[in-house]
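The structure appears right after this line, and notes come after that.
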Amino acid sequence: MKSMKINFGKMNFEDKAYNFKFFEEKILNFWLSNNFYSPEYKNDRKETFCITLPPPNANSPLHLGTMSGNTVQDILGRYNRMLGKKVLLVPGKDHAAIQTEVIFEKHLLKEGIRKRDLTREDFLSRCFDFCMTNANIARDQEKKIGLSADFTREKFTLDKSLTNVVYETFIQMYKDGLIHRDKRIINWCPRCETALSDIDTEYKEEKGILYYIKYGDLVIATTRPETKMADSAIAINPKDKRYKHLLGKTIHIESVEGERTLPVIADYLVDKDFGTGILKVTPGHSKDDFVIGERHNLPIISVIDMNGRSTFGKYKGMKIRKAREEIVKDLYKLDLIEKQEDIVHNVQVCERCKSTIEPLISYQWFLRTKDLAKKSIEKIELQEIKIYPQRQEKNLIRWLENIEDWCISRQQWWGQRIPIYYCGGKETIVDNNGDIQEKMLGCGEIIASITPPKTCPKCKSNKIIQDEDIFDTWFSSCQWPYTALGGVNSEDFKMFYPANVMETGRDILFFWVARMIILNIYKTENIPFRNVYLHGLILDREGKKQSKSRGNGIDPSSMIDQFGTDALRLALVSGIAPDQDTKLYNEKIQGFRNFINKIYNSSRFIFLQMQDLDEKDREFIRENTGKYCIKSKVNIQKELLDLKHMTHSNFKSFDIGITAHNLQNFYHHTYCDSYLEDAKNDKSIEAKAELIYTFYTLIKLMHPFVPFITELIFQNLKEENLIKTKEESIMYETV
RNA sequence: GGGUGGUUAGCUCAGCUGGUAGAGCGCUACGUUUACACCGUAGAUGUCGCAGGUUCGAACCCUGCACCACCCACCA
């Protein structure tokens with residue numbers, strides 16, 4: 001691409017206040033209309049620096065947290081570019097499966113359309129358009145904050161090419177025996193008729209009744225008598241001496257479900273202080289019971305269907321509440337209820353419609369992670385991947401050590417549909433014993449394939465049906481480090497993998513970072529990134545989390561309009577420490593705007609000194625490479641050198657907040673308040689040369705943090721023939 | 001219940017491996033001087049959460065406690 005000249009014009013010395021709006025727009029156009037953000041701009045550079053930027057969700061505009069992350073990563077990118085490296089920041093947008101589907105459904109509802117009114121294809125195509133609209137807004141925001149990412153390389157996680165890479169990974173895992181299909185308890189919303197991840201549910205305090213039900217000679221307290229026919233054991237706490245004699249025995253009961261024999265087991269999940277200290281274990285309808293059931297190899301019985309109705313005996317077809325009432329009545333009739341108590345307990349509900357979650361059993365796809373996690377732990381312990389702040393390392397390792405198999409299927413539409421095909425299809429049935437089973441309708445062949453097979457390889461039937469489910473969104477986003485680079489065979493992958501930094505929130509250290517390490521080591525036999533930088537949250541003035549419901553969210557674009565991008569960038573990073581929350585509010589950003597204005601005015605002062613110089617003087621100034629003469633109480637030569645060293649060493653340890661703070665402090669108090677004041681006493685040409693030299697040095701050091709105003713000053717120094725440079729932009733100068 | 005972080009000037013926070021408490025905002029007074037009132041100069045303001053301990057010496061190290069925030073688990 002041929003570079004284009006933008007005429008910045010001379011700075012307007014009449015304006016005493018920096019007109020950031022005017023200049024920032026010009027500068028941004030200058031950067032964007034040239035090739036500066038591309039690593040190919042300086043193709044001869046050898047050492048690389050790469051960040052595959054965490055893709056924000058394509059379902060809404062960016063919030064401040066993402067922009068703060070962008071700022072940190074851009075600072076690292078710009079700094080490394082100024083160190084002479086070939087820098088690539090890859091932008092992207094994430095399809096964010098479930099979250100997007102929820103948001104888009106709400107969006108549709110405003111138009112009076114329900115999801116079930118649409119076909120799967122229609123829903124997907126509308127949702128795609130919705131995402132593209134938001135992605136465009138988000139991309140503009142990224143540009144506006146000054147993110148020097150190569151936008152020609154932008155990826156969307158649902159792009160066909162990325163999806164195919166994800167499919168390849170899955171199929172490889174399938175062949176390696178890492179994928180299995182198994183029963184699992186899920187959060188089912190009977191009203192929305194969908195499975196929900198824990199994130200899409202919330203807890204609500206609810207009044208309930210605790211029934212003390214007789215089980216033979218024992219009494220068990222429960223709020224859910226309607227699941228008692230799905231019990232497969234009686235459990236006590238191993239430390240509970242009261243019931244020790246029962247261990248290993250079975251108890252015989254006669255109840256509403258008829259005669260049954262249940263084993264007595266011990267599990268530490270049982271709270272001996274709740275109710276009578278005895279728990280009825282119902283693996284089919286309670287998450288904790290499911291865990292206990294797995295541990296003790298208990299049968300799973302289902303008595304509630306996906307419509308939230310009972311499937312058992314005389315209660316069959318009743319809504320759960322109704323079934324509960326009836327069962328309680330029957331239990332009273334049989335004199336099997338000792339007493340009942342009112343209690344207030346937390347109930348898990350659907351975040352959207354607030355109906356009570358029904359934990360149900362269904363078949364899901366799983367990834368075996370234990371062995372993969374071991375390799376990841378090794379790499380972290382060997383410090384091949386470093387975590388900032390370091391204390392999070394042990395959290396990460398502990399999580400990896402205790403990792404469970406990962407359920408990677410979801411019952412939604414918006415996402416990557418699982419590339420598994422069944423000959424003739426399948427259906428899930430509940431047999432008379434309450435057992436959930438998958439019944440194959442064809443010859444039973446299961447085919448993993450990127451493209452739909454035309455016929456069954458075994459029986460040659462042409463009735464091939466794809467699995468209905470999609471992948472967990474994290475299964476795709478955890479492959480981002482190589483999908484962002486175009487897959488493991490691309491030129492970019494060869495040149496830029498592994499990335500140097502992964503910058504993300506500590507809240508997704510496990511969800512994302514840990515699993516990214518796992519999947520990337522599996523796929524590439526190499527780490528995905530060398531450093532992990534965790535950021536904290538951006539809180540409001542009172543230290544509260546910003547949220548839409550609280551209405552305390554800070555609108556990034558209004559901040560930029562009021563105070564300018566450079567000011568916002570400084571406000572977002574100055575004084576921050578990794579994993580540490582930070583507060584943001586108007587007055588704070590205003591303070592940084594004042595500082596930007598200080599930079600502007602000091603440059604005005606310096607340029608005014610240079611106004612009447614002839615070309616010979618200018619040449620003298622240009623040729624000055626660090627001779628000092630101005631008498632000042634500040635030893636500027638030494639101070640500048642110290643500042644440089646400190647900046648470099650702080651960057652090495654990712655102490656960006658400290659660096660920003662130090663640079664600002666130095667510029668304001670040492671450079672302006674002391675040194676510039678003293679410089680006023682020396683009118684010699686040597687003094688002017690020193691002034692330009694020191695100024696130029698500082699502007700470059702500050703550029704990664706406040707890129708706009710420093711570019712403006714650089715262009716004017718060039719325009720005025722006061723510096724010797726071959727570079728078109730300050731971002732390719734050397735620090 | 002388990003874990004992590006925080007507690008320093010009215011507010012927001014610095015304070016690196018122990019050696020006389022710092023900056024910005026705010027406040028007070030003064031000031032239009034070769035850039036800047038979105039400014040400068042000068043100033044007031046602190047039992048460094050509480051209680052012990054180590055040390056010649058602790059905001060910093062150790063022990064315990066309190067309060068705040070967050071994370072994980074549990075709520076039959």
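Nothing here was measured: the structure is a model prediction, and the numbers come from that model. Residue numbers begin at 1 in each chain, while the letters A, B, ... track the order of the sequences.
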> Is it the case that Gln348(A) and Lys287(A) place a side-chain donor and acceptor less than 3.5 Å from each other?
Replying inline: yes
> Quick one: what's the B/S/- string for nucleotides 29-39 of chain B, heavy-atom cutoff under 4.0 Å, read 5' to 3'?
Replying inline: -----BBB-BS
> For the residue pair Phe595(A) and His668(A), does the interplanar ring angle fall in the parallel (under 30°), tilted (30 to 60°) or perpendicular (over 60°) class?
Replying inline: parallel
> Quantified in whole Å, what is the C1' atom distance between nucleotide A37(B) and nucleotide A21(B)?
Replying inline: 30 Å
>> Suppose you measure atom P in U32(B) against the same atom in A9(B); what distance do you get, rounded to whole Å?
In response: 35 Å
> Looking for any heavy atom pair under 4.0 Å, which part of the strands does Ala235(A) touch: base, sugar-phosphate only, or nothing?
Replying inline: nothing
> Would one find more than 12 heavy atoms of other residues, nucleotides or ligands at under 6.0 Å from atom OH of Tyr268(A)?
Replying inline: no
> Roughly, in whole Å, what's the span from CD in Gln664(A) to C1' in C13(B)?
Replying inline: 13 Å
> Quick check: are there more than 12 heavy atoms from other residues, nucleotides or ligands sitting under 6.0 Å from CD of Glu25(A)?
Replying inline: no
> Which value, in whole Å, describes the distance between the P atoms of nucleotides U28(B) and C68(B)?
Replying inline: 34 Å
>> Rounding to an integer number of Å, can you tell me how far Leu509(A) CG sits from G5(B) P?
In response: 14 Å
>> In this structure, how many angstroms lie between the C1' atom of G1(B) and the CG atom of Asn237(A), rounded?
In response: 13 Å
>> If I take atom NZ in residue Lys287(A) and atom P in nucleotide C72(B), what distance separates them, rounded to the nearest angstrom?
In response: 13 Å
> From C74(B), A76(B), U12(B), pick the nucleotide closest to the side chain of Leu269(A)?
Replying inline: C74(B)
>> Distance check needed: G24(B) C1' versus Phe563(A) CZ, whole Å only.
In response: 15 Å
>> Rounding to an integer number of angstrom, what distance separates G49(B) and C11(B) when you compare their P atoms?
In response: 14 Å
> Can you check the His661(A) NE2 to G22(B) C1' distance for me, whole Å?
Replying inline: 10 Å
> CG of Asn665(A) versus P of C25(B): gap in Å, rounded?
Replying inline: 11 Å
> Where does RNA chain B pair, written as one dot-bracket string 5' to 3', with Watson-Crick or G-U pairs under 3.5 Å, ( ) inside the strand, [ ] for crossing pairs and | for another strand?
Replying inline: (((((((..((((.....[..)))).(((((.......))))).....(((((..]....))))))))))))....
>> If I pick the C1' atom on U47(B) and the same atom on C71(B), what distance separates them, to the nearest angstrom?
In response: 34 Å
>> For the NZ atom on Lys214(A), are there more than 12 heavy atoms of other groups (residues, nucleotides or ligands in this structure) within a distance under 6.0 Å?
In response: yes
>> Quiz question: by atom type and distance under 3.5 Å, do the side chains of Thr276(A) and Tyr212(A) form a donor-acceptor pair?
In response: no
> Side chains of Glu719(A) and Asn716(A): donor-acceptor distance under 3.5 Å anywhere?
Replying inline: no
> Rounding to the closest angstrom, what is the interatomic distance between C56(B) and G18(B) at atom P?
Replying inline: 15 Å
> Out of curiosity, Glu503(A) CD to Ser68(A) OG, how far, rounded to the nearest 0.5 Å?
Replying inline: 6.5 Å
> On a whole-Å scale, what distance lies between the P atoms belonging to U7(B) and C48(B)?
Replying inline: 14 Å
> Atom CG of Asn395(A) to atom C1' of C71(B): distance rounded to whole Å?
Replying inline: 8 Å
>> Looking only at the side chain of Ile658(A) (C-beta and beyond, no hydrogens), which of the listed nucleotides C74(B), G15(B), G24(B) gets closest?
In response: G15(B)
> At under 4.0 Å between heavy atoms, what does Val270(A) touch on the DNA or RNA strands: base, sugar-phosphate, or nothing?
Replying inline: base
> Should the pair Lys680(A) and Phe605(A) be classed as cation-pi, given the thresholds of under 6.0 Å to the six-membered ring centre and 45° from the axis?
Replying inline: yes
> Ring centres of Tyr388(A) and Tyr533(A) under 6.0 Å apart?
Replying inline: no
>> Taking G2(B) as the reference, what is the distance to A73(B) when you measure between their C1' atoms (whole Å, please)?
In response: 8 Å
> Side chains of Thr282(A) and His285(A): do they bring a donor and an acceptor to under 3.5 Å?
Replying inline: no
>> Pick the closest RNA chain B nucleotide for Asp271(A) and for Phe510(A) by heavy atoms, then say which residue is nearer the 5' end.
In response: Phe510(A)
